[in-house]
Asks: 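Got a structure for you, written out below as structure tokens; questions coming shortly.
Quick note on labels: first sequence line is chain A, next is B, and so on, each numbered from 1.
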There are 2 protein chains.
Amino acid sequence: MEINIAVAALAALAQETRLAIFRRLVEAGPEGLNAGAIADALGLPAATLSFHVAQLNRASLVAARQEGRFIFYSANFAAMDELLAYLTDNCCQGGACLPKAARNLPSARRKSK
Amino acid sequence: MEINIAVAALAALAQETRLAIFRRLVEAGPEGLNAGAIADALGLPAATLSFHVAQLNRASLVAARQEGRFIFYSANFAAMDELLAYLTDNCCQGGACLPKAARNLPSARRKSK
DNA sequence: TCCATGTTTCCATTATCGTGGAAATATTTG
DNA sequence: CAAATATTTCCACGATAATGGAAACATGGA
């Protein structure tokens with residue numbers, strides 16, 4: 001993962017409303033939720049929800065699929081995996097800041113790409 | 001970790017210059033680097049470096065210590081640990097997006113607060 | 001086809017961010 | 001104290017982000 005992509009993903013999550021949306025989608029699992037359901041759950045105007053979900057989508061953290069007249073959004077777990085890998089690889093010296101539970105692994109390093 | 005703190009940390013890292021600074025400090029280890037050295041390494045004007053490092057500091061991702069007439073900045077590994085823990089706890093369904101190397105752990109869950 | 005429903009785009013407004021030169025503020029050394 | 005060096009604060013500029021109402025754009029059903 002290049003730094004630009006990591007920055008884009010971080011920026012997408014670095015906003016309270018968007019982080020809340022993403023958490024909700026993670027909670028919802030692979031099925032995801034349609035736009036209205038997210039808006040209802042978080043008490044957001046449709047335009048605001050649409051704006052934020054579009055940003056998450058642009059950063060590839062959220063996928064969209066049409067289903068009837070609904071649009072379902074779902075968390076992209078693989079992208080989150082890559083972001084976490086980037087952070088552990090580049091922002092932790094020798095895994096020094098991996099969560100304690102993961103700290104004493106044989107080798108948590110990953111292909112640098 | 002509360003959502004506000006996570007957002008603040010993410011926002012601090014969600015900027016190319018700042019992420020580069022943080023990476024450099026991680027690389028430098030606990031000793032850290034003085035402001036001028038960081039600026040030189042990244043080719044940044046002093047004012048710009050100071051601005052960004054202050055943001056990282058406000059987000060508690062970077063610590064500062066005076067040493068003679070230099071000010072040394074160093075990465076706060078514990079804070080990074082907490083951020084990673086927040087992300088894995090709240091943005092990965094059952095650890096579904098933990099980096100592969102860490103995925104099959106007995107229990108990567110951590111105290112929620 | 002017409003209507004209801006779901007979602008996005010358009011728009012204007014306000015607020016905040018990133019940048020870097022210049023001046024101000026430490027701190028050490030002579 | 002004065003000079004040199006390190007860093008920050010001040011300032012102004014342009015750029016981008018967040019918000020939400022209203023209008024436009026699908027889509028499915030009667």
Side-chain angles (χ1 to χ4, degrees), chain A residues 3-25 28 31-76, chain B residues 3-25 28 31-76:
Chain A
I3 191 169
N4 312 291
I5 298 183
V7 167
L10 289 167
L13 295 175
Q15 208 278 342
E16 191 150 348
T17 302
R18 280 196 298 272
L19 186 51
I21 292 170
F22 189 73
R23 292 226 282 162
R24 190 80 189 177
L25 290 178
E31 323 277 286
L33 292 172
N34 62 296
I38 306 172
D40 281 358
L42 303 177
L44 297 171
T48 301
L49 183 279
S50 186
F51 170 79
H52 286 301
V53 108
Q55 303 228 20
L56 288 165
N57 183 251
R58 235 174 284 132
S60 299
L61 283 168
V62 156
R65 76 174 192 283
Q66 187 115 21
E67 196 144 311
R69 72 185 127 182
F70 299 83
I71 297 182
F72 277 76
Y73 292 98
S74 56
N76 180 348
Chain B
I3 193 169
N4 313 289
I5 298 183
V7 167
L10 289 166
L13 296 175
Q15 208 278 340
E16 191 150 350
T17 303
R18 279 196 298 273
L19 185 51
I21 292 171
F22 189 73
R23 292 225 283 162
R24 190 81 190 177
L25 291 178
E31 323 276 284
L33 292 172
N34 62 294
I38 306 172
D40 282 358
L42 302 178
L44 297 171
T48 301
L49 183 280
S50 186
F51 169 79
H52 286 300
V53 108
Q55 302 227 21
L56 287 164
N57 183 252
R58 236 173 283 133
S60 300
L61 284 168
V62 157
R65 77 174 190 284
Q66 186 115 20
E67 195 144 310
R69 73 184 126 182
F70 300 83
I71 298 182
F72 278 76
Y73 291 99
S74 55
N76 181 348

Asks: With side-chain contact (heavy atoms from CB on, under 4.5 Å) as the test, pick out the partner of B:V62 among B:L56, B:N76, B:I21.
Replies: B:L56
Asks: Using a cut-off of strictly less than 4.0 Å between a heavy atom of the residue and any atom of DNA chain C, enumerate the qualifying residues of residues 62-72 of chain B by number.
Replies: B:Q66, B:G68, B:R69
Asks: Whether the side chain of B:R18 engages the backbone of B:A12 through a donor-acceptor N/O pair (distance < 3.5 Å, no angle test) should be reported.
Replies: yes
Asks: So how far is it from B:L49 CG to B:Y73 OH, rounded to the nearest 0.5 Å?
Replies: 8.0 Å
Asks: State, to 0.1 Å, how close B:A6 and A:L19 come at their nearest heavy-atom pair, and which atoms those are.
Replies: CB-CD2, 4.4 Å
Asks: With rounding to the nearest 0.5 angstrom, report the CG to CG distance, A:D40 to A:L33.
Replies: 10.5 Å
Asks: Distance check, rounded to the nearest 0.5 Å: A:F72 atom CZ versus A:I38 atom CD1?
Replies: 9.5 Å
Asks: When you check the phosphate oxygens OP1 and OP2 of D:dA6, does a side-chain N or O of B:N34 lie under 4.0 Å from one of them?
Replies: no
Asks: For a quick test of reading the model, state the closest non-hydrogen atom pair linking A:A59 to A:A9 and the distance between them.
Replies: CB-CA, 4.3 Å
Asks: Using every non-hydrogen atom in the two residues, find where B:Q15 and A:V7 come nearest and quote the distance to one decimal.
Replies: N-CG1, 3.9 Å
Asks: Between CD1 of A:I3 and CZ of B:R23, what distance do you get to the nearest 0.5 Å?
Replies: 5.0 Å
Asks: Identify all pairs in which a protein N or O lies below 3.5 Å from an N or O of nucleotides 11-15 of chain D, and state each distance.
Replies:
none

Asks: Enter the distance from B:N57:CG to B:S74:OG here, rounded to the nearest 0.5 Å.
Replies: 9.5 Å
Asks: I need the CG-P distance between A:D40 and C:dT7, as an integer number of Å.
Replies: 9 Å
Asks: Rounded off to whole Å, could you give me the CG-to-P distance for the B:L49 and D:dT8 pair?
Replies: 7 Å
Asks: Nearest 0.5 angstrom please: A:E31 CD to A:L25 CG, how far?
Replies: 12.5 Å
Asks: How many whole angstroms separate atom CZ of B:R58 from atom C1' of C:dT16?
Replies: 12 Å
Asks: Send over the distance from B:L10 CG to C:dC17 P, rounded to a whole Å.
Replies: 15 Å
Asks: Over all strands shown, is A:A46 touching base, sugar-phosphate only, or nothing at heavy-atom distances under 4.0 angstrom?
Replies: base
Asks: List every contact pair, protein side and nucleotides 18-25 of chain C side both N or O, where the distance is under 3.5 Å.
Replies:
from: C:dG18; atom 1: OP1; to: B:R18; atom 2: NH2; distance (Å): 3.2
from: C:dG18; atom 1: OP2; to: B:R18; atom 2: NH1; distance (Å): 2.9
from: C:dG18; atom 1: OP2; to: B:Q55; atom 2: NE2; distance (Å): 3.3
from: C:dT19; atom 1: OP2; to: B:H52; atom 2: NE2; distance (Å): 2.3
from: C:dG20; atom 1: OP2; to: B:T48; atom 2: OG1; distance (Å): 3.3

